[in-house]
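One structure is given below, encoded as structure tokens.
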Amino acid sequence: MESSPRRRLASISRHLLQPPDRILSNGPRPNQLSADSELLGRAPVVIGGMVLDIQAIPSDEPRPGTTTPGKVRYVNGGVARNIAECMSKLGTKPFIISVIGADMAGEQLMKYWKSTGLPTEGILKLDGVMTPVVSNVFGCMGESVAAVASVDAVETYLTSGWIERFRRNINDAPVVMVDANLPPQTLEFACRMAAVAGVPVWFEPVSVIKSSRIAPVANLVACTSPNEAELIAMATVLSPQAKFESINLEEIKGLPVEDLFQMLKPAIFSLFDKGIRLLLITLGSDGLFLCHSRNLDFSRNNSNLNLTTDRFLGQLYQEVNNIYYNHCFAKGSSKFCAFHFPAIPAEVVSVIGAGDCLVGGTLVGICAGLDVARSVAVGVAAAKGAVESENNVPDKFLVTNILDEVKEVLSRVKPLLL
């Protein structure tokens with residue numbers, strides 16, 4: 001990614017710092033890192049929401065206007081939090097920047113995060129603020145029927161001033177992942193800070209509505225991971241003069257993936273034209289499309305993180321890197337290439353968290369030094385684990401299972417014509 005000219009961002013951040021009496025956590029001062037933070041200098045940085053998910057799971061199809069018997073569960077969630085947790089369980093130790101309230105939900109989230117041994121310096125804890133909460137109602141097949149999100153804390157208090165405190169973490173990171181829950185000003189601040197330092201930015205759209213927040217930062221983003229509806233929404237806001245066909249996967253079920261890809265191609269190129277170099281387009285049970293520039297190379301941004309200190313990650317890297325696959329490109333003159341990755345058959349418990357684990361697994365592979373296709377295959381295997389778990393992120397991953405699933409995925413990858 002080409003670095004933008006360095007700008008004086010510190011002067012902006014001083015106007016955005018929250019009043020000291022609202023901050024309960026003792027985060028480090030700008031450019032003053034603790035010894036632990038020094039050791040985490042090359043950690044990937046994840047910025048966005050930590051959320052308590054309230055999941056309502058009916059024993060029968062829910063009906064409007066009446067209660068339905070079932071179970072209600074409290075699950076640790078949030079796009080950024082899920083991605084970071086997934087990365088940690090695959091052997092990478094990310095640094096998360098987020099915000100919670102000093103309430104019951106916030107205490108549950110913080111207690112769990114401390115139990116993982118991951119750093120908490122980036123988590124802003126505020127008195128008198130409600131921790132983000134999302135209430136999900138599911139259908140009998142594990143699909144989300146309706147959801148209401150209350151994430152005002154992220155929108156209001158995850159400011160550029162708080163991000164500024166962790167400039168060094170961002171500057172030294174192999175990759176920075178931002179989710180679209182961030183307020184636009186903070187989102188642009190974080191993306192620009194990373195871009196100035198030459199650090200690739202991964203933008204996670206979160207939802208169709210919030211995916212439009214990519215508009216002012218598209219030239220600063222290297223990678224993004226929309227579903228088909230978010231892709232169309234992003235293309236529309238980036239190229240308002242163009243018309244993109246809306247797609248409902250349920251209505252075109254059974255359509256060959258090659259035809260579906262052709263339908264999405266105008267939107268894909270709209271994002272490529274804005275400077276994005278990697279697209280991971282999720283298609284539910286139809287798998288995903290991986291589209292990226294042919295010369296995409298993350299190797300200069302990673303240093304095989306934790307391969308010697310984390311036994312799980314070291315074994316995962318060695319074994320996956322030895323898996324052979326036919327990485328040929330479809331013939332064509334485009335400077336981009338595209339592939340279809342199949343979904344792995346799974347016993348569905350809940351689809352919440354699957355997309356986050358896909359991104360988390362992919363980022364782990366990239367940070368470890370795997371090529372893009374192998375990294376995405378690790379992400380697909382992690383997503384399968386999430387689908388088969390009651391939690392947003394599985395309790396643990398097994399190297400043997402991941403290897404079997406990576407082999408299956410890579411054996412069925414199909415190049416597409418751009």
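Computed from a predicted model, the values in this text were never measured in an experiment.
Remark: side-chain polar atoms of S98 are paired, donor with acceptor, to backbone N or O of M50 under 3.5 angstrom. Judged by distance alone, with hydrogens and angles left aside, the side-chain atoms of T92 form no donor-acceptor pair with the main-chain N or O of V364 at under 3.5 Å. Put simply, the side chain of E230 gets close to the backbone of N227: a donor and an acceptor are under 3.5 Å apart.
A salt bridge does not link R165 to E121: none of the charged nitrogens lies less than 4.0 Å from a carboxylate oxygen. Taking a cutoff of 4.0 Å between a charged side-chain nitrogen and a carboxylate oxygen, K111 and E107 do not qualify as a salt bridge.
Contact record, A180 with F203: CB-CZ, 3.7 Å, taken as the closest heavy-atom pair.
In this structure, M263 places its CE atom where more than 12 heavy-atom neighbours from other residues, nucleotides or ligands lie under 6.0 Å away. The local environment of CG in L398 is crowded, with over 12 non-hydrogen atoms from other residues, nucleotides or ligands closer than 6.0 Å.
The aromatic rings of F336 and F269 lie perpendicular to each other, with more than 60° between the two planes, well past the 30° mark.
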From CA spacing to verdict: side-chain hydrogen bond (donor to acceptor under 3.5 Å, both in side chains), R73, N391: CA-CA 10 Å; R73 303 173 59 247; N391 296 323; 3.3 Å; yes
Residues S270, S239; criterion side-chain hydrogen bond (donor to acceptor under 3.5 Å, both in side chains); working and verdict: CA-CA 7 Å; S270 172; S239 302; 2.8 Å; yes
side-chain hydrogen bond (donor to acceptor under 3.5 Å, both in side chains) between N392 and D356, worked out: CA-CA 8 Å; N392 292 331; D356 302 336; over 6 Å; no
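Every residue meeting the side chain to side chain donor-acceptor pair (under 3.5 Å) condition with Y112, not counting sequence neighbours, appears here in chain and number order: E85, K89.
The shortest distance between side-chain heavy atoms of F289 and L260 falls below 4.5 Å.
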